[in-house]
**Student:** 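Have a look at this one before I ask anything.
Hydrogens, waters and symmetry mates are skipped; everything else that's a heavy atom, side chains included, is used. Residues: numbered from 1 along the sequence shown.
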Amino acid sequence: MKIIIAGAGEVGFHLAKLLSYESQEITLIDSDKESLTYANNHLDIRVIKGDATSIAVLKDARINTAELFIAVTSSETTNITASVLAKQLGAKRTIARISNAEFIDQKEEVGFSKFGIDELISPESLAASEIELLLNQYAFNDSYEFEDGALTMLSLRLSRTAAFVDKTVKEAAEAFSELHFVPIAIQRFGTQYTIIPRGDTQFKEGDKVVFITSKGGDQELFELSGKVKTEVKNVMILGGGKIGFQTTKSLCVGKFKVKLIEKDKKTAFDLADELPNALIINGDGRNVELLEEENIDSMDAFISVTGNSETNIMSCLVAKSRGVKKTIALVENMDYFQLSQSIGIDTLINKKLLAANNIFRYIRKGEVVAMTKLNNMNAEMLEFVVNSNSKICNKLIKDLDFPRAAIIGGVIRHGEGLIPLGSFKISEGDRVVVCFLPRVIAEVEKFFY
């Protein structure tokens, strides 16, 4: 697939890096020579120095042959303009990164597709949505919803009190046969090795296990996990940037009481005007005395989303030491994901990874409607739509020669999430959620052509 990316910043470079690993034909456009030089030296891609809104530059990139154009520069205006031009010049599909969340909320009313923009993405909005989902699924470390919660991906680390520790997957399924969840990936404690579980795979204390649940399965999973139930109500957020603002705005609409700490005085006053239902505090969140004055020990969750990864990690560790049950830190360095569990932070989120997940489904074969990469695990999840000519259509799961490094975790049929067993028959129109190791993606895609 020929893909053109406008913007060699953190999101653009990360996308180019991931896509180049998959042998896609990538062209990266940016006006900053230093960013392009770095990308050219580290990736097997073509780079073009120039303005992405220049028709001449787009033609030089052979935009007329591009199957996908992705505009992810730091300028919202540039991204929208470049995407419109790219579409007019022959790009089959266009995606624009935006920062104004209103555009996403009102995209149907405005009709961006009429202008030539097929999809809008906002890394900040994606991060805010991820945080809200994590707070609503307070017992779990990672979460992702398919079809507005018809199926939900949840992960947790097994404590010794979990009901299925030391049982095999088959034994656990027989003991808890009426449950609405299934394990789809396991990472052994102290390793980076990802296992796609089979019937004889044994659950062990300390394992990080990813599950797919249908409606009600999250509560069942929680009760069997051996965790103590703690409802999240009082939330403290550090950092009043775009993510902090959007997260606070969303949480205040729900059941949460939010304290937002912002270091910049003018920004804090502006936030106080725009977020009347939150308590805005002007101060340095790295100051432990300030956190104690604001009763950090009475918080149910602490979220740090400043522009500095180290500040976010250290402040979450302070919160954890003061007894806060749920901590979430925004990080830019992907290497920090390896450290999240060992240093004691519940969840790390990364804008680049969230944006990449959102975009990746457009380069997969078969009709893919959703995708996510599992945090700190070498596995992906895709939601495919089954067509009448799909190889998987009208087949029983047990009769499929499905790769061992992949598993069907759930099926959405007529809006209802189902946990399928071997005797389940896949039908046209089903949405099938598959978890797999990257090395078998080509084999998995063949079932959904």
**Student:** Has the side chain of H14 got a donor or acceptor atom that lies under 3.5 Å from a matching backbone atom of E10?
**Tutor:**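 Such a contact is absent between H14 side chain and E10 backbone.
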**Student:** Could you tell me whether D284 and R286 have a side-chain N and a carboxylate O separated by less than 4.0 Å?
**Tutor:**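 Between R286 and D284 there is a salt bridge, with a charged N closer than 4.0 Å to a carboxylate O.
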**Student:** Can you find a heavy atom in the side chain of L151 that is under 4.5 Å from one in the side chain of K215?
**Tutor:**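 A side-chain contact is absent here, since even the closest heavy-atom pair is not under 4.5 Å.
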**Student:** Is a side-chain N or O of K351 found less than 3.5 angstrom from the main chain of A127, in a donor-acceptor match?
**Tutor:**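 Looks like no, no N/O pair under 3.5 Å.
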**Student:** Heavy-atom distance under 4.5 Å between the side chains of I296 and F302, does that happen here?
**Tutor:**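 Heavy-atom side-chain distance check passes, below 4.5 Å.
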**Student:** Kindly say whether T73 contributes a backbone atom to a donor-acceptor pair with the side chain of N79 at under 3.5 angstrom?
**Tutor:**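 Yes; at least one donor-acceptor contact below 3.5 Å.
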**Student:** Any salt bridge linking D207 with R188? Criterion: basic side-chain nitrogen under 4.0 Å from a carboxylate oxygen.
**Tutor:**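 Looking at D207 and R188, the cut-off is met.
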**Student:** Mind checking the OG1-CE spacing from T327 to M236? Nearest 0.5 Å is all I need.
**Tutor:**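 The OG1 atom of T327 sits 13.5 Å away from the CE atom of M236.
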**Student:** Is there side-chain contact between M299 and R322, with heavy atoms separated by less than 4.5 Å?
**Tutor:**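 With C-beta onward as the side chain, the pair stays apart.
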**Student:** Are side-chain N/O atoms of T311 and T306 paired as donor and acceptor at under 3.5 Å?
**Tutor:**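 No, because no side-chain N or O of T311 sits under 3.5 Å from a partner of the opposite role on T306.
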**Student:** Near D148 CG, under 6.0 Å, is it more than 12 heavy atoms from other residues, nucleotides or ligands?
**Tutor:**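 12 or below, so no.
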**Student:** So, do N64 and R62 sit near enough that their side-chain heavy atoms are less than 4.5 Å apart?
**Tutor:**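 The answer is yes, as the side chains (C-beta and beyond) meet within the 4.5 Å cut-off.
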**Student:** Is it the case that the side chain of N282 and the backbone of A268 share a donor-acceptor pair, with hydrogens and angles ignored and the cut-off at 3.5 Å?
**Tutor:**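 No, N282 side chain to A268 backbone: no donor-acceptor pair under 3.5 Å.
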**Student:** Please check: side-chain N/O of D430 versus main-chain N/O of R413, any donor-acceptor pairing under 3.5 Å?
**Tutor:**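 Not a single qualifying donor-acceptor pair exists.
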**Student:** Could you check whether D32 and S35, counting side-chain N and O atoms only, form a donor-acceptor pair closer than 3.5 Å?
**Tutor:**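 Yes, D32 and S35 have a side-chain donor paired with an acceptor closer than 3.5 Å.
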**Student:** Before accepting this row, confirm whether a basic side-chain N of the pair K87/D118 lies closer than 4.0 Å to the acidic partner's carboxylate O.
**Tutor:**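 D118 and K87: salt-bridged.
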**Student:** Can you sort out the partners of F181 under ring-ring contact (aromatic ring centres under 6.0 Å, His included), two or more places apart, ordered by chain and number?
**Tutor:**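 Partners of F181 by the ring-ring contact (aromatic ring centres under 6.0 Å, His included) criterion, ordered by chain and then number, come out as F211.
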**Student:** Given side chains that start at C-beta, do those of F436 and I196 come closer than 4.5 Å, heavy atoms only?
**Tutor:**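 No. Closest side-chain heavy atoms not under 4.5 Å.
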**Student:** I need the L251 CG to I131 CD1 distance, nearest 0.5 Å.
**Tutor:**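 One gets 8.0 Å once the value is rounded to the nearest 0.5 Å.
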**Student:** Quick check: does any side chain N or O of E76 sit under 3.5 Å from a backbone N or O of N100, one acting as donor and the other as acceptor?
**Tutor:**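 Flag set: sc E76 to bb N100 pair under 3.5 Å.
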**Student:** Within a strict 4.5 Å, meaning less than it, do heavy atoms of the I186 and T201 side chains meet?
**Tutor:**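 Counting from C-beta outward, I186 and T201 do come under 4.5 Å.
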**Student:** When you measure from the side chain of D300 to the backbone N and O of V232, does any donor-acceptor pair fall under 3.5 Å?
**Tutor:**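 Not a single qualifying donor-acceptor pair exists.
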**Student:** Can you check whether G116's main-chain N or O pairs, donor with acceptor, with T94's side chain at less than 3.5 Å?
**Tutor:**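 Such a contact is found between T94 side chain and G116 backbone.
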**Student:** Short question: side chain of S309, backbone of E332 - any donor-acceptor pair under 3.5 Å?
**Tutor:**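 Indeed, once roles are kept as given, a pair shorter than 3.5 Å links the two residues.
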**Student:** Heavy atoms, side chains only, cut-off 4.5 Å: are I237 and T247 in contact?
**Tutor:**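 Yes, at least one pair of side-chain atoms sits under 4.5 Å.
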**Student:** With a 4.0 Å cut-off on N to O distance, would you call R431 and E147 a salt bridge?
**Tutor:**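 Counted as a salt bridge, because a side-chain N and a carboxylate O are separated by less than 4.0 Å.
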**Student:** Got a salt bridge between D60 and R46, using NZ or NE/NH1/NH2 to carboxylate O under 4.0 Å?
**Tutor:**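 A salt bridge links D60 with R46.
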**Student:** Applying ring pair (Phe, Tyr, Trp, His ring centres under 6.0 Å), run through F384 and F447 and close with a yes or a no.
**Tutor:** CA-CA 10 Å; F384 291 94; F447 284 89; 9.8 Å; no
**Student:** Are any non-hydrogen side-chain atoms of N308 and N312 less than 4.5 angstrom apart?
**Tutor:**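 No; the side chains remain at least 4.5 Å from each other.
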**Student:** Assess whether a salt bridge exists between E124 and R97, defined as any Lys/Arg side-chain N lying under 4.0 Å from an Asp/Glu carboxylate O.
**Tutor:**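 Here E124 pairs with R97 in a salt bridge, since their nearest N and O are under 4.0 Å apart.
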